[in-house]
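Heads up, the thing below is written out as structure tokens.
So you know, we letter chains A, B, ... as the sequences are listed, proteins then strands, and number each from 1.
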Amino acid sequence: MNEMARLQKRRLALYGWMLAAPALALMSLFAFYPAIATFWHSLFSRGTSRRPSVFAGFENYGDLFADPTFWTVATNNLIYAGVTIPVSIIFALVMALWANAHIPARSFVRSAYFTPTILPMIAAANLWLFFYTPDLGVIDQITGFFGASPTNWLGQPETALASVIIVTIWKEAGFFMIFYLAALQTIPPDLHEAARIEGAGRWTYTRRVLLPLLMPTTIFVFVNAMINSVKLIDHLFILTKGGPNNASKLILYWIWEMAFAYFDSPHAAAMTILVLLALGLVAVAQFRLVEKRTHYR
Amino acid sequence: MTNQPPFIRINAVSRVFNGGNGVHDLSLDIPRGSFVVLLGPSGCGKSTTLRLIAGLETADQGSIAIDGKDVTSAPPSKRGLSMVFQSYALFPHLSVAENIIFGLKVRKTHKDEIKTRLTDALRVTGLEGYEDRKPAQLSGGQRQRVALARAIVAGHPLCLMDEPLSNLDAKLRHAVRKDIRDLQQRLGITVVYVTHDQTEAMSMADIVILMKDGRIEQVGNPADLYLKPATAFAAGFVGSPPMTLIPASALPASVIPDGLDANHLTFGIRPEDLILSTGQNDHPWGIPATVTGSEFLGAETFVFVAIPGTDGATARLPGRVEISPGTEVSLSWAGAAAHWFDGERGHRLTPTIPGTSAQDTKITSQPDTATSTL
Ligand SMILES: Nc1ncnc2c1ncn2[C@@H]1O[C@H](COP(=O)(O)OP(=O)(O)OP(=O)(O)O)[C@@H](O)[C@H]1O
Ligand SMILES: [Mg+2]
């Protein structure tokens with residue numbers, strides 16, 4: 001009997017590994033191996049036809065930290081993340097609450113909010129390129145109506161990053177709204193009624209019941225927003241190309257530039273590893289901190 | 001009974017949803033401190049009535065007053081009541097204690113006060129030791145008690161309950177039924193309780209309000225409802241197994257009381273009032289019927305019989321009765337046990353007993369065994 005149980009346990013473990021194996025194999029092939037290879041590659045100097053690539057230790061990393069562009073780009077990306085993540089989450093939540101309320105033309109409101117999401121980023125960027133066009137664009141038409149002079153939103157260092165940030169928020173918020181909307185619809189309406197009977201107003205209900213119950217969704221959305229803040233750079237190619245003077249350059253765009261415009265793949269690899277490290281740290285911190293205080297049903 | 005003004009007065013209230021369902025022209029007085037049960041089949045408007053009292057629905061017409069104050073358009077929180085939901089509506093992310101004191105906190109009650117009230121509520125509902133659990137870590141019965149504790153902690157004089165026991169198993173339901181009733185008496189609060197289970201209504205209520213299709217069918221104490229159903233619907237709904245209802249035209253003319261027209265008449269008889277006799281008939285009269293089956297329930301046996309021209313009848317006999325399907329029997333009853341209803345509109349008809357002496361003597365001349373079971 002005991003033997004039986006042990007065998008059974010072992011068989012279950014085997015099944016577990018068998019089920020995990022395909023995903024594990026693919027992950028190894030397309031995620032773990034490239035990560036390790038990238039790390040390895042980042043330890044070598046850039047080879048040219050005259051000087052072959054040699055092992056350089058962490059020299060590439062040192063070069064990066066010494067490069068002022070690195071600090072500009074890192075700061076840009078921090079600002080980019082620091083604004084897009086909270087703002088798009090708040091917009092998404094507010095839009096979801098609004099679209100979930102009993103309002104006329106509810107489905108119209110929902111699909112209107114969702115439209116930016118189904119648009120490819122490149123198309124969205126082209127759209128915004130038109131909005132931002134100095135003098136002729138929609139934005140300048142409006143500000144011009146109130147007597148403001150034309151502004152080159154994308155072409156000047158002061159506004160370039162902000163303009164890019166706005167496009168990202170516009171693109172992301174509708175997508176995140178869908179998750180909030182789905183989560184809101186799983187919250188039974190009795191809870192609101194019970195809260196109303198207990199004397200809770202709309203705000204108290206939102207703060208004490210709704211937001212805590214939406215916390216798992218918020219975490220999910222937060223992680224996505226964070227990934228996007230590193231990953232989502234398509235619109236840079238259309239809007240600013242990181243300019244002017246690196247004012248709107250983000251890390252991934254910079255990596256792409258290093259690797260495919262300047263063909264400096266060792267430095268690009270080093271930068272990639274730094275990004276991976278940073279993201280890994282954030283993920284760990286997040287799971288440690290937030291996870292514990294979240295109620296999952 | 002006293003000439004106290006009613007605690008809740010519902011006056012000609014209508015709430016009609018798209019599609020015509022809802023409640024129609026409802027008028028109702030509920031005395032202070034009573035246990036009132038709204039009873040009726042699914043979709044008859046019980047929950048809607050309760051939600052109207054709670055303020056979760058707004059009346060299209062009519063007025064609602066609680067404790068002398070017109071609350072027709074007041075929000076739920078201003079009506080001084082609490083509610084237990086069928087689903088309990090506990091906040092899943094809050095612990096038992098936090099769930100219970102949710103309303104007190106919202107109303108910014110003083111900390112010490114909250115503490116004493118919480119302790120009281122936990123003690124009364126027997127939830128001590130569960131304060132820190134989340135609702136998901138409780139059994140159904142415990143969740144039900146948390147909902148109850150949340151309802152009583154505020155000390156409101158009125159508590160509304162919408163089928164609070166329907167998620168419990170039969171045995172637990174029985175126990176909790178008694179607990180709720182005891183609690184209501186101890187606290188002296190008024191309870192309006194919704195159920196579609198007539199046993200629950202009969203065993204708990206001071207007053208039963210029987211509803212059908214958004215209207216009140218009968219209001220009365222449980223005994224009234226059982227012994228003097230106002231309509232054929234009430235007769236069929238209350239009691240288990242329900243009263244047998246058959247068109248009077250299927251009965252011999254001799255049993256129809258004077259002054260009633262057998263063509264527009266429904267006859268009703270409670271299963272325990274039906275007398276079954278086999279073989280040589282010692283009754284002066286009897287309705288021939290055939291046994292179709294029986295159910296032995298321990299203390300009693302239900303016997304189902306087919307009567308030509310009707311849907312059949314049920315008799316409830318004490319103890320164990322061996323009777324095989326197909327047996328020919330003769331049915332009879334004590335005269336006073338019969339209920340008569342209008343065939344079309346369903347309302348109760350009372351044969352003027354003194355005037356119908358001819359039938360009366362005829363019917364009551366048989367040995368009056370049925371009365372003993374009453
Ligand atoms: N929000 C609504 N919109 C439209 N119709 C509704 C709504 N709420 C209830 N109804 C209708 O009103 C009628 C009464 O509903 P109610 O919920 O009061 O029934 P009930 O007596 O509580 O039934 P149950 O025992 O099944 O809970 C039903 O026919 C229902 O379909
Ligand atoms: Mg209901």
Side-chain angles (χ1 to χ4, degrees), chain A residues 89 92-93 96-97 100-107 179-223 286-297, chain B residues 47 50-58 71 74-95 98-109 133-137 143 146-156 158-164 167:
Chain A
I89 288 180
L93 182 59
L97 289 174
N100 195 42
H102 294 281
I103 51 167
R106 186 157 76 156
S107 50
F179 294 103
Y180 275 124
L181 208 51
L184 280 174
Q185 278 162 5
T186 65
I187 295 178
D190 312 19
L191 291 188
H192 188 197
E193 294 183 343
R196 272 177 74 194
I197 286 188
E198 297 293 336
R202 196 179 295 263
W203 169 239
T204 316
Y205 170 70
T206 305
R207 194 172 51 88
R208 299 235 13 230
V209 180
L210 218 47
L211 291 185
L213 288 180
L214 290 175
M215 203 55 193
T217 312
T218 304
I219 291 182
F220 175 79
V221 165
F222 181 88
V223 169
Q286 189 176 27
F287 279 111
R288 282 280 151 79
L289 282 176
V290 191
E291 202 78 333
K292 263 191 216 132
R293 308 209 295 134
T294 304
H295 170 82
Y296 286 100
R297 261 177 296 179
Chain B
S47 294
L50 199 73
R51 292 165 58 82
L52 281 164
I53 300 175
L56 296 171
E57 287 299 340
T58 311
V71 294
S77 55
K78 294 274 183 297
R79 299 186 177 203
L81 49 81
S82 50
M83 185 157 170
V84 178
F85 291 80
Q86 179 174 2
S87 61
Y88 310 145
L90 300 177
F91 303 116
H93 59 296
L94 298 179
S95 69
E98 284 169 321
N99 260 292
I100 296 174
I101 62 173
F102 182 88
L104 296 178
K105 265 189 162 169
V106 167
R107 274 176 249 114
K108 305 223 164 29
T109 314
R133 296 233 200 144
K134 293 278 168 67
Q137 300 164 320
R143 278 180 225 176
V146 177
L148 208 57
R150 184 172 68 183
I152 61 170
V153 79
H156 290 312
L158 173 60
C159 184
L160 309 176
M161 303 190 185
D162 194 349
E163 308 203 25
N167 292 334

Quiz prompt | B:Phe91 portion near chain A, given a 4.5 angstrom heavy-atom threshold | solution = both

Throw together a table of side-chain donor-acceptor distances under 3.5 angstrom for residues 50-58 of chain B, partners on residues two or more places apart or in other chains.
| unit_1 | atom_1 | unit_2 | atom_2 | d |
| --- | --- | --- | --- | --- |
| B:Arg51 | NE | B:Glu57 | OE2 | 3.4 |
| B:Arg51 | NH1 | A:Glu193 | OE1 | 2.8 |
| B:Arg51 | NH1 | A:Glu193 | OE2 | 3.0 |
| B:Arg51 | NH2 | A:Glu193 | OE2 | 2.8 |
| B:Glu57 | OE1 | B:Arg15 | NE | 3.2 |
| B:Glu57 | OE1 | B:Arg15 | NH2 | 3.3 |

Quiz item: Do any of residues 197-207 of chain A have a heavy atom less than 4.5 Å from a heavy atom of chain B, and if so, which, in residue order?
Solution: A:Ile197, A:Glu198, A:Gly199, A:Ala200, A:Thr204

Practice problem: Counting only heavy atoms closer than 4.5 Å, note whether B:Lys105 contacts chain A via side chain, backbone, both or neither. | Solution: side chain

Quiz prompt | A:Phe179: partners by ring-ring contact (aromatic ring centres under 6.0 Å, His included), with sequence neighbours left out | solution = A:Phe175, A:Phe220

Quiz item: Would a 4.5 Å heavy-atom cut-off, applied to side chains only, mark A:Arg208 and B:Phe102 as touching?
Solution: yes

Self-check item: Partners passing ring-ring contact (aromatic ring centres under 6.0 Å, His included) against A:Tyr180 (at least two apart in sequence or in another chain)
Solution: none

Quiz item: Within a strict 4.5 Å, meaning less than it, do heavy atoms of the A:Asp190 and B:Gln86 side chains meet?
Solution: no

Quiz item: Looking at side-chain heavy atoms only, is the closest gap between A:Leu191 and B:Pro92 below 4.5 Å?
Solution: yes

Self-check item: Segment of B:Leu81 engaging chain A (4.5 angstrom heavy-atom cut-off)
Solution: both

